Amino acid sequence: MSTRDLIRAALIDAARGLGAPAPIDPVLERPRDSAHGEWATNVAMTLARPLRRKPADIARDLVAALDLAAAGVERVEIAGPGFINFHVAVGTTAGALRDILTLGSRFGAADTGGGCPVNIEFVSANPTGPLHVGHGRQAALGDAIAALLETTGWRVSREYYYNDAGVQIMNLGRSVQVRLAQLDGRDVPIPEGGYHGEYILEIAQRYRDAHPDDPRGADLDVITRFAVAALRREQDLDLQAFGVQFDTYFLESSLYTEGQVDETVRALMAAGQTYERDGALWLRTTHFGDDKDRVMRKRDGTYTYFVPDVAYHVTKWRRGFARAINVQGSDHHSTVTRVRAGLQALGVGIPEGYPEYVLHQLVTVMRAGEEVKISKRAGSYVTVRDLIDEVGRDAVRYFFLMRKGDSQLVFDIDLARTQSEENPVYYIQMAHARMAGIFRVGGIDPASVRADGVDFDALAEPEEQELIKALLDLPSVIAGAALALEPHRVAGYLHETARLAHLWYHKHHVLNEPERLMSARLVLARAAQIVLRNALTILGIRAPDRM
RNA sequence: GCGCCAGUAGCUCAGGUGGAUAGAGCAACAGCCUUCUAAGCUGUGGGUCGGAGGUUCGAGUCCUCCCUGGCGCGCCA
């Protein structure tokens, strides 16, 4: 049991002794100021109301009832309006490093999810062009959220949904066809809604090489399939370069060919949630929180886009995913209500909040103080590949993850490509490399470092105590980030932990110190290496041993 | 007009789900290399947390209204 758990349990006992009503759930936090001890609780203040007593009096009685010597608590004090601060013995705090070494790559993991299957859908770009920076943010976010959930015990499936049959695909085929005609010397304009990027021309040229039988581009179906395949391959390469892998690619067309769209429509009609008006079929989404009802089937007999969307999410539910998380740009937020309304209208027991959404705001790319809006290949937008080529995969990942998804994100290319202290990615990776460097120079296999017999009282320097506390916080940071679906918390934690590691490294020496000190510091260096690596891994960033 | 998100240091942003004196990076200024990476470290300055009310022991955080910005509001996808 950790020191924190021991304190918590003792507090619950003591509070019960004072007659506090159940459930008692004392919050234990790291005080901002380390002079306030290793742990602090505000439980006396939260009990003031139910017990109808002053917080300070409750705190005094609680402290009197606590016996925490065995837990390594040296001193308990009451401070401010009723906080109870716990000062833990140096060796007790440091002794917890043992767990980090023992658990290794599993330190920080939990089994909160209990193996429950969860589907995470992200990127889901239509195969009509290279991935843009927004897709990059989704890829980084989705992959990190997936890793967070895996680490906390969920069985995660990464899924990519793409539209392989709609109007946009038709426009893609036509755009390539027009480029073919232009290559053939004819003056044909790009159609309304068509794609203008240079990549369309490239595809046309490749099509011409691959189909000498059709130099004039007469067969639109064949051209379209060729273009889709080419772009899917290209997107796969982008994702590969970014280090993202999917378990499932789900084709929108399969919803039609396998009858799920029709089935969903019939089920909604049978549930009495639809009506006909003006020759169209409507869904009563207003019954489920929408501000107006939505058309499902247009007058021309075709379905609006959200019908296959609902059918798609029915398949997620049926495939056994009790949780489904969609990572999308905030420009899709209007679909949230609609999809959920459709699922509720079916009345088949799907929870109201299904699926969950992680919406992110837009990305602005800056270079030399100017906004970058276009790339040569894509024409109207900056591609993920541009960023990866320019600053490297690790920096791209970190920059996309260091901000909360709800915030608009400014991607500063100049900062991301600096290889110095100014760049947070290098700063963090450098901290890891420095820990690794200690073992390399010392000729010690880091995996051989053991905590047995180590005198943890030796780690008494303030920089050591601060670093140790930060390292031990990894599990709770991961748990919080996983619960909130917010990877940026891990990014912030990494930066702070790296700072403490640099500070310690700079001020104190490990090798060639007296045996008692060196062996303890080797454990600390090893623990720091493990924690930095584990946290970086969750964000999909490499932890190099040297730089 | 309605909805979602945001507004915190000159700039970019954190502030785990109400806690103690609001933080970090960049930028600015002043320092530190005979020892495991100076790709690093130390110090200084810098704030009406958009505004006004409210909730309570306690609000950057929760509620209401207003202001500003981004996105969305189709029988497009």
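Predicted, not measured: the structure shown is a model, and the values here were computed from it. Proteins come first, then strands; the chains are lettered A, B, ... in the order of their sequence lines, and each starts at number 1.
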- Message: Just to be sure I understand the rule, does A:E29 reach a base, reach only the sugar-phosphate, or reach nothing, if contact means heavy atoms closer than 4.0 Å?
- Response: base

- Message: Between P on B:C36 and CE on A:M518, what's the gap in Å once rounded to a whole number?
- Response: 15 Å

- Item | Phosphate OP1/OP2 of B:G15 contacted by A:H488 side-chain N/O (<4.0 Å) | yes

- Query: What is the nucleic acid contact for A:A433, judged by heavy atoms within less than 4.0 Å: base, sugar-phosphate only, or nothing?
  - Reply: base

- Task: Counting Watson-Crick and G-U wobble pairs only, both distances under 3.5 Å, name the nucleotide matched with B:C71, or none.
- Result: B:G3

- Message: Once you apply a heavy-atom cut-off of 4.0 Å, does A:G437 come out as touching a base, just sugar-phosphate, or nothing?
- Response: sugar-phosphate

- Message: Does A:K292 reach a base, just sugar-phosphate, or nothing at all? Heavy atoms under 4.0 Å.
- Response: sugar-phosphate

- Message: Classify A:L511 by what it touches in the nucleic acid, base, sugar-phosphate, or nothing, heavy-atom distance under 4.0 Å.
- Response: base

- Item | For A:F400 against A:A140, the heavy-atom pair lying closest together | CB-CB, 3.7 Å

- Query: Can you tell me if A:E38 uses its side chain to pair, donor with acceptor, with the backbone of A:V88 under 3.5 Å?
  - Reply: yes

- Query: Does B:U17 have a Watson-Crick or wobble mate here (both distances under 3.5 Å), and if so which one?
  - Reply: none

- Between A:W39 and A:R30, is there a cation-pi geometry (under 6.0 Å to ring centre, at most 45° from the normal)? yes

- Is a side-chain donor-acceptor pair under 3.5 Å present for A:Q429 with A:D394? yes

- Message: By the 4.0 Å heavy-atom rule, please label A:R403 as base, sugar-phosphate, or nothing.
- Response: base

- Minimal heavy-atom distance between A:I58 and A:A44, with the atoms involved, is CD1-O, 3.8 Å

- Under-3.5 Å donor-acceptor pair between A:N42 side chain and B:G19 base: yes

- A:H333 or A:R338: which one's nearest nucleotide on RNA chain B is closer to the 5' end? A:H333

- Message: Once you apply a heavy-atom cut-off of 4.0 Å, does A:V441 come out as touching a base, just sugar-phosphate, or nothing?
- Response: sugar-phosphate

- What nucleic acid atoms does A:N512 come within less than 4.0 Å of, heavy atoms only: base, sugar-phosphate, or nothing? nothing

- Message: So A:A40, base contact, sugar-phosphate only, or nothing? Heavy-atom distance under 4.0 Å.
- Response: base

- Message: Taking only the C1' atom of each, what is the distance from B:C13 to B:G54 in whole angstrom?
- Response: 29 Å

- Select one nucleotide: of B:U37, B:C5, B:A20, the one nearest the side-chain heavy atoms of A:D406. B:C5

- Task: For A:R49, answer base if it contacts any base atom (sugar-phosphate contacts may also be present), sugar-phosphate if it contacts only those atoms, and nothing otherwise; contact means non-hydrogen atoms under 4.0 Å.
- Result: sugar-phosphate

- Task: Would you mind calling B:C71 syn or anti? Take O4'-C1'-N9-C4 for purines or O4'-C1'-N1-C2 for pyrimidines, and syn is within 90° of 0.
- Result: anti

- Message: Under 4.0 Å, counting only non-hydrogen atoms across every strand here, what does A:A431 touch: a base, just sugar-phosphate, or nothing?
- Response: nothing

- Query: So what's B:U64 paired with, Watson-Crick or G-U wobble, going by both distances under 3.5 Å?
  - Reply: B:A52

- Task: Would you mind classifying the nucleic acid contact of A:K54 as base, sugar-phosphate or nothing, using non-hydrogen atoms under 4.0 angstrom?
- Result: nothing

- Message: On the side chain of A:N85, is there an atom forming a donor-acceptor pair with the base of B:A20 - under 3.5 Å, no angle test?
- Response: yes

- Item | B:C2 to B:U44 separation - P atoms, rounded to the nearest Å | 49 Å

- Query: Does the separation of the ring centres of A:Y357 and A:H333 fall below 6.0 angstrom?
  - Reply: no

- Query: Given the C1' atoms of B:A27 and B:U21, what is the spacing between them in whole Å?
  - Reply: 26 Å

- Item | Pairwise P distance for B:C65 and B:C4, with rounding to whole Å | 11 Å

- Note on the structure: Note: for A:S330 and A:E252 on RNA chain B, the residue whose nearest nucleotide lies more 5' is A:S330

